[in-house]
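Have a look at the structure below before the remarks.
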Amino acid sequence: MMKKILQIKNAPILFHRKVSSCARHISLSLPAIAGTAEPGQFLHLRISSGSPSPLLRRPFSINDVQGDRVSILYEVKGAGTKLLSKMLPGETLDVIGPLGMGFDIDPQKREHLLVAGGMGLAPMGLLARSLKGMKLKPELLYGCRSSAELVKPGITGCQISSEDGSCGKKGLVTSLLLDRLRICRDPAVYACGPWPMLKAVAGICHKNNIPCQVSLESFMACGVGACQGCVVKNSDGNYVSVCDKGPVFNSRQIDWDQDCVI
Amino acid sequence: MMKKILQIKNAPILFHRKVSSCARHISLSLPAIAGTAEPGQFLHLRISSGSPSPLLRRPFSINDVQGDRVSILYEVKGAGTKLLSKMLPGETLDVIGPLGMGFDIDPQKREHLLVAGGMGLAPMGLLARSLKGMKLKPELLYGCRSSAELVKPGITGCQISSEDGSCGKKGLVTSLLLDRLRICRDPAVYACGPWPMLKAVAGICHKNNIPCQVSLESFMACGVGACQGCVVKNSDGNYVSVCDKGPVFNSRQIDWDQDCVI
Amino acid sequence: MKKVKTIDLRVSIAGLELKNPVIAASGTFGYGAEYSGLAEPGDFGAIITKTVTLEPRPGNRPPRICETSCGMLNSIGLANVGFAVFREDKLPALIKKNTVIIANIAGNTIEEYVELAARLNKISDIPALELNISCPNVKLGGIAFGTDPASAAALTKAVRRAYKKTLIVKLSPNVSDIAGIARAVESSGADALSLINTLYGMAVDIKKQRPVLGNITGGLSGPAIKPVALYNLYKVHHSVKIPLIGLGGIMDHRDALEFMITGAAAVQIGTANFVNPSAVKDILSGLAGYCRENDITRIKNLTGILKC
Amino acid sequence: MKKVKTIDLRVSIAGLELKNPVIAASGTFGYGAEYSGLAEPGDFGAIITKTVTLEPRPGNRPPRICETSCGMLNSIGLANVGFAVFREDKLPALIKKNTVIIANIAGNTIEEYVELAARLNKISDIPALELNISCPNVKLGGIAFGTDPASAAALTKAVRRAYKKTLIVKLSPNVSDIAGIARAVESSGADALSLINTLYGMAVDIKKQRPVLGNITGGLSGPAIKPVALYNLYKVHHSVKIPLIGLGGIMDHRDALEFMITGAAAVQIGTANFVNPSAVKDILSGLAGYCRENDITRIKNLTGILKC
Ligand SMILES: Cc1cc2nc3c(=O)[nH]c(=O)nc-3n(C[C@H](O)[C@H](O)[C@H](O)COP(=O)(O)OP(=O)(O)OC[C@H]3O[C@@H](n4cnc5c(N)ncnc54)[C@H](O)[C@@H]3O)c2cc1C
Ligand SMILES: Cc1cc2nc3c(=O)[nH]c(=O)nc-3n(C[C@H](O)[C@H](O)[C@H](O)COP(=O)(O)OP(=O)(O)OC[C@H]3O[C@@H](n4cnc5c(N)ncnc54)[C@H](O)[C@@H]3O)c2cc1C
Ligand SMILES: Cc1cc2nc3c(=O)[nH]c(=O)nc-3n(C[C@H](O)[C@H](O)[C@H](O)COP(=O)(O)O)c2cc1C
Ligand SMILES: Cc1cc2nc3c(=O)[nH]c(=O)nc-3n(C[C@H](O)[C@H](O)[C@H](O)COP(=O)(O)O)c2cc1C
Ligand code: FES
Ligand code: FES
């Protein structure tokens, strides 16, 4: 299927709210994108049209799609997300999307484990929705640092862990995963989060011979595979661009020994 | 007297409103500056602290001082003023001021003619206030392009001209001046506006041997006389910095044959 | 209602006829297909393909890009599929698009450049060549061909002999005297010059106390470099007679106009494609609007009208 | 409560002891008095005064400055009061301030530089000299001293003979090989290097179809040039042994850290003084905070810790 990528120069912000101490949820009216977006794909946002700074677009996973609305979940990291956090409903954003290759769902699998670390929760909303649409049951394993940083996932069937024990099980999300795998029959794992977490999740899955897909991050310029700026090394030792060959990869395709590129 | 220049990093915006099709009025809480500001002096505003663009400060004449409040009147010209126009009450600006040499008031003069073209109205508010404080009577001659661009001057004793005749007398403000001068006994002229207007006003005053002060514009970096970036040529053929030797000059000090530097 | 005048946007660069003066810069528009849906090769007067080398190159280790104030650094490292794949896999699709294709080439030795030029000379669908001379000359101990007038001249002469169509040389700004290089290249047979390539730059991650880029240093592009690009264009415009293609930080039609007024017969857009894939369309309509307002019927008449 | 550790901010540049590593760049802090109330000469580790020449210079015709994306162009043209007025009118007030004064000088000929250096050698309140070698060498037909290793070396040697205190040479980035210039200057007796001066740049007013600057071209400074400055610093750091003072686009302590980590013993701030006169204070407290977080007690230990 030919991907249909669009630039929408004036996507109106419908709502924008704080959903944890560090995360915000922003919903955009994007009828043309809502129809085709798949879980794991992302939007490339130009945060300050008309100003040369910040210059490049910023990539954000599609968090969810409801009717004509596409939402993202994000954390303020630097200049771009800080500016974004000040935008008000009614203002517009210049959006390119949907971009990248999303998660592949194998309907034959019995358990569908969505493993999210921190802002890695972002793509899980639409993934859960898609699984449910296929009559499959998503199970979210979601790790955060503390209850303050916990974002209400809005997904039924969710286990939580926190590094400081302030909510859910104390520890890392990998320990939730290990617990859960012990009683799984034929699971598939979908993971998103920081590189060290993904590396650990991939390691667990490889050892247990479980199919695992990971959503990676990288600095991006074009977002469409033209500039070769966003590459990571794959297990063959070749560089692959995250924006168009990913951001979701089969975890076996990735060279987990490389330095994290972010 | 030693000028006392301050940097106020967080001057709160008290109100901000549109006062004509192109002009806005913004009022800042600036107790430390309000006390010493003189008519014709200016503020140097950093419009987007934390972002490298726009980089340099932007100079704006002090429009008026009321209690702790200092206001400016401005027009959206480019990136900086566009950003400024989006700022809301409660947000803060990084301000340096009061800067420059303002208008000199000679209390011996009988008539005090304030000649403003377009945004040249800006410094006239405080100048009128100061004149009244000295029991002198300011008379404002104010030219604009059309009634849409007319800013209510809030100064009693005001004559208006417009280029298209949509308000006041049709024509340029210089024709108001010529009319008025015909019946003046011992006038002083204070002018602010675009270079061609100032040049015309200066020409009229020189011919009639009337003391005339003009407030000039120039691109500025430091605003304090350190960089020598804002110079204009004076009548001796030397370069003088507008930010600290001006912005108000005796019109005889200026070489009116140079190209306008803006 | 005022009748909207049509503006003649065509330009000619040393005989190469372009339907409009906005060209996609090498390395920023891939091989033309990547932006499908966002921008089409046919929108541009010409497409300059990513620098191709004889053999495929993996490119530098990541991170390869990083944002700086009003600019970006890249250390892609001429990652490319190599000439064979370029010709077999990439070219056929691009040829079908309604645009002029300019191939950008690089090599480590003069021989490599000449070999590529000779092969391209035979590809009738590619009417022009852009020489990327910012590469280190391995035989000369790694000094870039583009920083030394003699090397630049020798390279241009050798390629000129092998290449009969329009030969464009792309100049690097990282030199003491770009006008000297330009003259050397002109007198060695170049038909036109593109300027500028990226400025050398670097950024440091103060948390990791390491360079941000995997390759330590990279090339700076984007609005930050526009003043430098204009300066170089101005200098070269007064030093050579062959046509100039200006680039470096062009984001909108106002930027494009600065270059054309200063002396560019056409412009390239690079980083702008990443930021706003419809930049090419926006720039073209902005250029036409400016021409209308200024009573200019042919855009080529803008070139070099700067009053000093 | 954690005890707040005091950080030793002192640095030493070839024997010149500074109380802190933040220096005011030449031409951006006037003669120290202009910012009264906003920033004090005593806030800085040292003040480098505006380039002074033997005779007063009126400078270039206006407009002299213009903003560009994340940068500014200036064509002040070394406007200055001349050495006599500098010495009699400007210096006395500055000497009373609690800071180190470094005089920056320029000339059209080696003789002019030497004359100035000899006069400064006798002024005990000025312990160091910064040579602005970006000026055109009139005897060499206008080629800047700073763009040719041989001229730069000859100039440095001549000044070195006349000047016995700390001799700093300020390098221009507008060259093919800054490391070559740096080595030439080092082996000619320079004690330290400052880098970088501004990049050549230009801007065009598309309405007037004229250059924005009265002088047509100017020098680019500010955040836009930071990556270029860091690159040059990195190159020179690996080429010479004498201490380096880094500058170019430093706006805050994070920028300053990038330079120190890359190899600068101290930094200068130029354009930042215009934008935020309290930049010096903000940078110093930011540097101290970084040192505390990273368990560094002496700021000088930051210099050159870059891991590659
Ligand atoms: C495919 C993809 C999907 C993403 N989805 C989300 C999401 O759903 N929610 C979310 O909060 N974040 C997401 N990110 C990360 C997000 O893009 C960055 O946090 C954002 O670009 C930072 O911009 P900034 O201007 O605020 O920070 P900057 O000032 O640019 O940088 C601050 C820090 O953010 C990180 N960063 C910068 N650029 C990127 C980038 N392109 N990718 C990743 N990290 C970066 C770096 O660590 C940097 O040091 C995603 C990234 C990718 C590649
Ligand atoms: C002493 C002084 C007092 C001023 N008082 C006022 C005032 O009270 N109200 C008001 O509306 N404007 C005033 N100005 C002009 C105001 O500073 C500029 O309009 C503003 O800086 C434009 O910024 P920008 O980013 O919007 O435009 P830019 O994008 O920077 O430039 C747009 C255009 O604005 C003009 N401009 C830019 N910078 C300056 C500058 N420093 N001075 C003058 N013109 C400039 C130029 O023509 C330029 O082409 C004053 C200028 C000076 C020097
Ligand atoms: C990601 C990236 C890759 C590039 N690759 C090439 C290349 O392969 N060959 C080349 O000649 N120039 C290359 N360039 C340089 C651009 O063609 C252009 O000269 C430069 O970016 C300045 O223009 P800009 O500011 O419009 O981007 C590249 C630039 C970028 C940003
Ligand atoms: C307005 C202005 C005037 C300058 N004058 C001088 C000068 O007289 N002598 C000199 O060596 N450098 C001069 N410079 C260059 C600065 O000292 C500094 O090298 C340059 O601006 C880069 O640093 P920055 O980006 O921090 O400004 C000047 C810079 C500016 C912006
Ligand atoms: S961001 Fe350009 S190839 Fe991925
Ligand atoms: S703006 Fe610096 S001297 Fe006037």
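All figures in this text were calculated on a predicted structure; none of them were measured in a lab. Below, chain A is the first sequence line, B the second, and so on; all start at residue 1. Both backbone and side-chain heavy atoms feed into the values below; hydrogens, waters and symmetry mates do not.
- In this structure, A/R69 places its CZ atom where only 12 or fewer heavy-atom neighbours from other residues, nucleotides or ligands lie under 6.0 Å away.
- Heavy-atom neighbours of chain A within the stretch residues 83-94 of chain C, taken at a separation under 4.5 angstrom, are nonexistent.
- Inter-residue side-chain proximity for C/E67 and A/P54 is flagged as met; some heavy-atom pair is nearer than 4.5 Å.
- Of the listed residues (C/T68, C/D252, C/N60), the one with the most heavy-atom contacts under 4.5 Å to chain A is C/N60.
- Using a 4.5 Å cut-off on side-chain heavy atoms (C-beta onward), A/R46 and C/N276 make contact.
- Using a 4.5 Å heavy-atom cutoff, the side chains of C/P62 and A/F219 are not in contact.
- Contacts of C/M251 with chain A are made by side-chain atoms alone, with heavy-atom separations under 4.5 Å and no backbone atom involved.
- With a threshold of 4.5 angstrom between heavy atoms, C/S75 does not approach chain A through any atom at all.
- In this structure the side chain of A/Y239 reaches within 4.5 angstrom of the side chain of C/R64, judged on heavy atoms.
- The environment of A/R252 atom CZ is dense: over 12 non-hydrogen atoms of other residues, nucleotides or ligands sit within 6.0 angstrom.
- Chain C forms more heavy-atom pairs under 4.5 Å with one residue of A/K233, A/H44, A/R58 than with any other, namely A/R58.
- Between C/E34 and A/I5 the shortest side-chain heavy-atom distance does not fall below 4.5 Å.
- Between atom OH of residue C/Y35 and atom SG of residue A/C222 there is a gap of 4.5 Å, rounded to the nearest 0.5 Å.
- For A/E91, the CD atom sits in a packed shell: over 12 heavy atoms of surrounding residues, nucleotides or ligands are nearer than 6.0 Å.
- At most 12 non-hydrogen atoms from other residues, nucleotides or ligands lie less than 6.0 angstrom from CZ of A/R145.
- By the 4.0 Å N-to-carboxylate-O rule, A/D259 lies too far from C/K208 to be salt-bridged with it.
- Taking chain A as the reference chain and counting heavy-atom pairs below 4.5 Å, the highest number among C/S69, C/G222, C/P277, C/P223 is found for C/P277.
- Counting non-hydrogen atoms of neighbouring residues, nucleotides and ligands closer than 6.0 angstrom, the NZ atom of C/K97 reaches no more than 12 such neighbours.
- For C/K50, no part lies near chain A; criterion is any non-hydrogen pair under 4.5 Å.
- Distance check, rounded to the nearest 0.5 Å: SG of A/C227 to CD1 of C/I76 gives 5.5 Å.
- A/K9 and C/S278 form a side-chain donor-acceptor contact under 3.5 Å, judged by distance and modelled atom types alone.
- Between the side chains of A/Q228 and C/N80, no donor N or O sits under 3.5 Å from an acceptor N or O.
- Note that the CG atom of A/L55 and the OG atom of C/S221 stand 7.5 Å from one another [nearest 0.5 Å].
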